[in-house]
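See below for the structure under consideration.
Reminder, nothing fancy here: chain letters follow the sequence lines and each chain counts from 1.
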There are 2 protein chains.
Amino acid sequence: MHDVAAAAGVSRGTVSRVLNGGYVSATARAAIEAAIAQVGYVPNTAARNLVTQRSQAVGFLVLEPHSLLLEDPNIGAIMLGANAVLSDADYQMVNLVIDSARDTERITKYLSGGFVDGAVIVSARAHDPITQLVADLGLPATFVGHPPDLEQGIPFVGIDNVGSARAITERLAGTGRRRIGMIAAAVDRDSGADRLTGFRQALGDRFDPDLVAEVAFYHYADGMDGMRALLQREPGIDGVFAASDAVAAGAMQALREAGRAVPADVGIVGFDDSPWAQRTAPALSTVHQPAKEIGARAADLVLRQLAGKSVETAGVFLPTPSSGAPPPDRAGPDPPSLARRPWPDVDQGLPRRSRAYGRAWISFPRPFALDRRRSP
Amino acid sequence: MHDVAAAAGVSRGTVSRVLNGGYVSATARAAIEAAIAQVGYVPNTAARNLVTQRSQAVGFLVLEPHSLLLEDPNIGAIMLGANAVLSDADYQMVNLVIDSARDTERITKYLSGGFVDGAVIVSARAHDPITQLVADLGLPATFVGHPPDLEQGIPFVGIDNVGSARAITERLAGTGRRRIGMIAAAVDRDSGADRLTGFRQALGDRFDPDLVAEVAFYHYADGMDGMRALLQREPGIDGVFAASDAVAAGAMQALREAGRAVPADVGIVGFDDSPWAQRTAPALSTVHQPAKEIGARAADLVLRQLAGKSVETAGVFLPTPSSGAPPPDRAGPDPPSLARRPWPDVDQGLPRRSRAYGRAWISFPRPFALDRRRSP
DNA sequence: TTGTACGCGTTATCAA
DNA sequence: TTGATAACGCGTACAA
């Protein structure tokens, strides 16, 4: 900058003003811009951050194993949605995966060091140290999912996991399955716990804790393990609610290995409406989750806080999968009915169908992939 | 820091010394550490960066569409490998996806602003502006894949795509297929171009340009499109080399829709040995690519430059898939033979088998998934 | 409209 | 071993 000022024959203050907007004469501005181009000047962000106390960056915190970032298209889609909003506002999104005590330590430094102005936090559990840190720092943040009770005052955005899980379980039960189990993943996260709750609610008296296999993550491999466990406990199982599509895909693999036909012998439903749901054979019925929009809203809530606007700290529930109304951008004037509507896939653009069922929107490849009467 | 110094009754210089290591008396150190805890002091990284001219962060640049980061387990695995090495050295990896002119602009600022000390660059093409920027900045960097000719002096790490593609194509041809096509993705990247070259070399006189469908990305959807195009051009096609496993999975879906059986009617091979390869039915034969290690080596090369060590700028070719030797950590004393060996999957840990075939290591789920004589 | 000068929070140099 | 003090590169209040 010194060089630029010298080349343009002005003071550094004037250079700074043309960079940031201030009263500058046209001649001075022209001279400075020429000098900038000539010298190849780029502002030093560290110095700017130091004085402005801002970084123009927002962290995207994921409290899951690194591998899940690749496995789980749901997290990926949330990330994409957040990134779209952030880059649009000229913020740089910084991915921060916390998977160990060492990660926690390094990222604690990162967050407190002024590297980010705010954060979107995914998969936080109560008592996660990072959650506490964000609160202590007063870092503008938004949770994806229910916040731990501690952190009131931090907004969140999510879906009605309980209602959606209940709805798809009821649908599964409606196909005449008698022994219905669940592969419940990540019950230490609110999403996992809520989906289990919804499953339990749907089954009521018929709920059998023995038919719930708990696994750690929304992971293909965990789906295989969970399904094997269920088969061992109850060979007569004929229906399974998998906590995510990836889990469902793993479960189907385990069933194939066990020689069970899907959906003839065992019906499976998933959750997320991710690409997994279509790439299984047969394609999965699943709950549509507006993952990209969740990410976008979460990022937007961070940006609003950054702009000093007021924000509802109570939380935002996106309507698509759970409120009984179709997603806003596709909503017709009528209340949701059983009429089919075209539905774009999460990220492939392949046509699917969705239907309001109870309080949930369920996405499926055929009228209903599980109906025994329709499968050969 | 001022507060800490005051609370401990020392100068800021002494505080800085206990933070960064220097001669400090035990009593002073104790007093300062107590003060740090009491005040809840965290160093300001922006200020530190300003004076040290370092950020302890390394960028992971991907010059692909955002969605590919989710779709392509290969990029993901490279990222994981890089991140493991970087976090181990207490560097923060920052993900930078460049997918538009606006991204380029924002990330240019980010890179020139001192936000990162170095970069791992994936999928760069010649003449990518970012490539030029990195060279101009003198930013310590490593390319994954061949570097564009321009940027000599920047090291790279890759595999022998030509040789591997040739080997697996020869294997495919060896199963008796007569009309063999290729779905060539990303031919504007070196990996895509090289795989096409290898395919062409393997077929020699039998190479028919009409049987090559070029698609933009290593994408499931592109695989479907490519396969449809091939089927239209040559209904009698009976073998396909897909440029990646995701492309192969898409191609299989298209074949399924067209009523062709795999591998009975059409044999397919892929590339990457990613989870895609196992989750298709039947599972794919594919070229094993040590993606995690590629990422790790690339990150390591950046770190070495940062440490001022000399680095071979010519490039590193990892031996696993292409050099004719088995991967270092699993290599026996003997030269590779046709004997089977157990092989852990890229990230699932499921057992697979690999075999040296010509210059490439090929990973497959059965003796050879394509052998017609072995499939019903 | 412009230049001057101070301060942002650290590290590094030097003399003590 | 410690304490002053000068950078680091920039934004901005203030004076001109």
List for me each residue that meets ring-ring contact (aromatic ring centres under 6.0 Å, His included) alongside B/Y41, sequence neighbours excluded, and say none if there are none.
->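 B/Y41 satisfies ring-ring contact (aromatic ring centres under 6.0 Å, His included) with no other residue.
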ring-ring contact (aromatic ring centres under 6.0 Å, His included) partners for A/F115, two or more places apart |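 Residues passing ring-ring contact (aromatic ring centres under 6.0 Å, His included) with A/F115: A/Y110.
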Of all the choices, C/dT1, D/dG3, D/dT2, which nucleotide is nearest to the side chain of A/S25 once you look at every atom?
->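 Nearest nucleotide to the side chain: C/dT1.
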Could you state the atom-to-atom distance from CD1 of B/I32 to P of D/dT1 in whole Å?
->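 Rounding to the nearest Å, CD1 of B/I32 and P of D/dT1 are 13 Å apart.
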I'd like a table of donor-acceptor pairs (distance under 3.5 Å, sequence neighbours excluded) in which one partner is a side-chain atom from residues 19-31 of chain A, with atom names and distances.
| from | atom 1 | to | atom 2 | distance (Å) |
| --- | --- | --- | --- | --- |
| A/N20 | ND2 | A/S16 | O | 2.8 |
| A/N20 | ND2 | A/S16 | OG | 3.3 |
| A/S25 | OG | A/T27 | OG1 | 3.3 |
| A/S25 | OG | A/A28 | N | 3.2 |

Sequence-distant partners of A/A84, side-chain contact (heavy atoms from CB on, under 4.5 Å), two or more places apart =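 side-chain contact (heavy atoms from CB on, under 4.5 Å) check on A/A84 returns nothing, list empty.
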Report, as a single string ordered 5' to 3', how protein heavy atoms within less than 4.0 Å touch nucleotides 7-16 of chain D: B base, S sugar-phosphate only, - not at all.
-> -BBBBBB---
Among residues two or more places apart or on two chains, list those pairs meeting salt bridge (charged side-chain N to carboxylate O under 4.0 Å, His left out) that have a residue in residues 48-69 of chain B.
->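 Output for this query lists B/E64-B/R189.
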